[in-house]
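What you see below is based on every heavy atom in this structure, not just the backbone, and it leaves out hydrogens, waters and symmetry mates.
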Amino acid sequence: MSSESEPNVEGILVDDHTLISKKEMQNTLEQRGYGEMRQDKFFLKPFESLYFLFYKKLSLSKGKRKLPLMTWYKSVMTLTGMR
């Protein structure tokens, strides 16, 4: 699948996963094989978030701050102890 056909996604960084709160977006992503439900919430896995960020298809925030790719990467590496 090409990145052009991927949807534009909005999410919130929670630990190292991306929370997707809009039900319509959750359905679209789930139909395409992305994400998973955990405790009644829909999350993208880190590698899925990386994919969408790389192709500029994910608008990611933490609190009120937007996170660019490198800020997200550093945050996830710190959380997973890989840094």
With Lys22 via salt bridge (Lys or Arg N to Asp or Glu O under 4.0 Å) - residues at least two apart: Glu10
Spacing of CG belonging to Leu53 relative to CG belonging to Leu58, to within rounding of 0.5 Å: 4.5 Å
Partner residues of Lys66 under the side-chain hydrogen bond (donor to acceptor under 3.5 Å, both in side chains) criterion, sequence neighbours left out: Ser59
Exercise: identify the closest heavy-atom pair between Tyr34 and Phe42: O-CZ, 3.3 Å
OG1-NZ distance between Thr28 and Lys23, expressed to the nearest 0.5 angstrom: 13.0 Å
Separation between CG of Leu60 and CZ of Arg65, rounded to the nearest 0.5 Å: 10.0 Å
CG on Leu50 to OG1 on Thr18, rounded to 0.5 Å: 10.0 Å
Spacing of NZ belonging to Lys41 relative to OG belonging to Ser21, to within rounding of 0.5 Å: 10.0 Å
Gap separating the NZ atom of Lys56 from the CG atom of Asn8, nearest 0.5 angstrom: 12.5 Å
Set of ring-ring contact (aromatic ring centres under 6.0 Å, His included) partners for Phe43, sequence neighbours left out: none
Backbone of Gly35 reached by a side-chain donor or acceptor of Glu48 within 3.5 Å: yes
Side-chain heavy-atom pair Tyr55, Glu6 within 4.5 angstrom cut-off: no
Phe52 side chain near Leu29 side chain, heavy-atom distance below 4.5 Å: yes
